[in-house]
Amino acid sequence: MTLRRSRTRSELSPSWLRLLGFGLPLLAVAALFGEHFFGLDTLGWSNGFNHPLAGWDHLLAMLAVGIWAAQLRGQAVWMLPLAFVGVMSLGGLAGAAGITIPSVEGIILLSCAVFALLITRKIRFSSKINVLIVAFFAFFHGFAHGQEISTSASLISYTLGFMLATLLLHGAGILVAKLAVLAATFLLTAMFSQSVWAKAGPAETAEPTDVAHWSADAAFYSANPAGYRGRGWTLPAPPGIPRLAPAPWRAIAPTRR
């Protein structure tokens with residue numbers, strides 16, 4: 001006899017919910033109490049949070065990472081967003097340090113095209129290659145964020161700001177993918193049910209099943225009147241059906257048991 005191990009609550013809950021449930025409260029607490037305990041400023045936090053939302057290239061790429069992670073499912077749902085955010089923070093530190101890297105904007109535009117191709121073609125690689133692809137483009141997105149930091153803003157608060165915005169965009173991409181699958185399922189179900197009802201409706205109304213059953217009953221009990229008349233019952237003639245002449249019969253004495 002084999003014993004089945006009961007699944008824990010962490011195994012039952014979706015991975016993307018665990019990711020957002022752990023990462024977002026952590027960053028929110030850092031935003032609320034960071035000014036008092038870590039020296040975070042509101043200006044740097046707001047600038048870092050708004051920067052990924054202001055650029056359409058950053059916005060599309062981060063949404064695409066969430067959608068692609070939802071398509072891959074499994075561990076990719078939390079591995080790809082975490083890899084993107086982690087490497088992006090390193091890129092932000094490199095950009096804030098004044099390191100020069102050529103063609104940063106071109107690589108960011110390339111990331112949008114690559115992620116769009118991966119989503120539309122539903123391309124799947126191994127887990128390591130998926131993480132490497134996401135990490136490569138995440139570094140340049142973070143580098144562009146780090147270059148835009150103001151001199152009066154705190155680096156830590158600015159970094160936490162765009163990390164939180166990125167996690168929210170990843171979660172929005174995962175949610176968009178889930179809702180798209182759900183909407184497609186409901187649409188296909190509705191179309192299939194309508195086609196089934198359209199085929200079944202005329203067939204049910206075309207056959208006069210009630211008249212056929214009345215005719216069969218009338219023919220049977222006319223040939224066997226003991227079934228009804230022997231017990232004192234009469235069979236009413238259905239409308240439109242002529243009464244058949246009863247066959248000769250003789251009374252059968254009831255048997256004693």
Side-chain angles (χ1 to χ4, degrees), residues 16 19-20 23-24 26-28 30-31 40-72 76-120 123 130-180:
W16 63 280
L19 169 64
L20 297 180
L24 294 183
L26 181 62
L27 292 178
L40 305 183
D41 63 304
T42 307
L43 178 63
W45 173 268
S46 62
N47 290 339
F49 186 84
N50 293 328
H51 191 265
L53 304 177
W56 65 269
D57 48 357
H58 298 296
L59 184 67
L60 291 179
M62 294 170 189
L63 286 173
V65 169
I67 296 174
W68 190 40
Q71 282 186 348
L72 296 177
V77 177
W78 60 268
M79 287 178 61
L80 297 188
L82 285 183
F84 193 97
V85 173
V87 178
M88 185 186 62
S89 62
L90 298 179
L93 296 177
I99 301 174
T100 303
I101 299 178
S103 303
V104 175
E105 293 297 330
I107 296 176
I108 291 176
L109 294 177
L110 179 63
S111 68
C112 297
V114 170
F115 288 133
L117 180 64
L118 294 174
I119 293 172
T120 54
I123 301 176
N130 294 336
V131 171
L132 288 177
I133 293 173
V134 169
F136 173 77
F137 291 116
F139 180 84
F140 293 96
H141 281 272
F143 188 86
H145 293 328
Q147 286 182 327
E148 299 295 331
I149 186 174
S150 61
T151 55
S152 59
S154 172
L155 179 60
I156 299 177
S157 61
Y158 184 83
T159 304
L160 290 177
F162 69 71
M163 287 176 65
L164 176 61
T166 302
L167 275 179
L168 288 175
L169 290 175
H170 291 333
I174 295 172
L175 185 61
V176 166
K178 300 291 184 181
L179 291 179

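Predicted, not measured: the structure shown is a model, and the values here were computed from it.
When Thr159, Leu93, Thr166, Val134 are each tested for a side-chain contact (heavy atoms from CB on, under 4.5 Å) with Met88, only one passes: Thr166.
For the pair Ile123 and Trp68, the minimum side-chain heavy-atom distance is 4.5 Å or more. Taking the side chain as every heavy atom from C-beta outward, Leu109 and Asp57 approach each other to under 4.5 Å. Using a 4.5 Å heavy-atom cutoff, the side chains of Ser150 and Asn47 are in contact. No side-chain heavy atom of Glu105 sits under 4.5 Å from any side-chain heavy atom of Phe140. Side-chain contact between Phe136 and Ile107: present, with at least one pair of heavy atoms (C-beta onward) separated by less than 4.5 Å.
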Trace of the side chain to side chain contact (heavy atoms under 4.5 Å, CB included) decision for Val77 with Leu72
CA-CA 7 Å; Val77 177; Leu72 296 177; over 6 Å; no

Stepwise side chain to side chain contact (heavy atoms under 4.5 Å, CB included) check, Val65 with Leu169
CA-CA 9 Å; Val65 169; Leu169 290 175; over 6 Å; no

Apply the test ring pair (Phe, Tyr, Trp, His ring centres under 6.0 Å) to residues His51 and Phe162: give CA-CA distance (whole Å), side-chain angles for both, the deciding distance (0.1 Å), then the verdict.
CA-CA 7 Å; His51 191 265; Phe162 69 71; 8.0 Å; no

Please report the C-alpha distance between Leu63 and His170 in whole Å, then the side-chain angles of each, then the deciding distance to 0.1 Å, and finally whether the side chain to side chain contact (heavy atoms under 4.5 Å, CB included) criterion is met.
CA-CA 5 Å; Leu63 286 173; His170 291 333; over 6 Å; no

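A search for side-chain hydrogen bond (donor to acceptor under 3.5 Å, both in side chains) contacts involving Ser111 returns His141, not counting sequence neighbours. Among residues two or more places apart in sequence or in another chain, the ring pair (Phe, Tyr, Trp, His ring centres under 6.0 Å) test is passed with Phe143 by none. Judged as a side chain to side chain contact (heavy atoms under 4.5 Å, CB included), and not counting sequence neighbours, the contacts of Asn50 are Ser46.
Nearest heavy atoms, Ile108 versus His58: CD1-CE1, 3.7 Å. Closest non-hydrogen pair, Ile174 versus Gly66, comes out as CG1-O, 3.2 Å. For Val131 against Ala83, the heavy-atom pair with the smallest separation is CG1-CB, 3.8 Å. Minimum heavy-atom separation, Ala69 to Pro81: CB-CD, 4.3 Å. Among all heavy-atom pairs drawn from Thr120 and Leu117, the shortest one is OG1-O, 3.3 Å. In this structure, Ala138 and Val87 approach most closely via the heavy-atom pair CB-CB, 4.3 Å.
Aromatic ring centres of Phe137 and Phe84 lie farther apart than the 6.0 Å criterion allows.
Under a 3.5 Å cut-off, the side chain of Trp45 and the backbone N or O of Ile156 do not form any donor-acceptor pair.
From Lys178, atom NZ reaches atom CD1 of Ile67 across 12.0 Å, with rounding to the nearest 0.5 Å.
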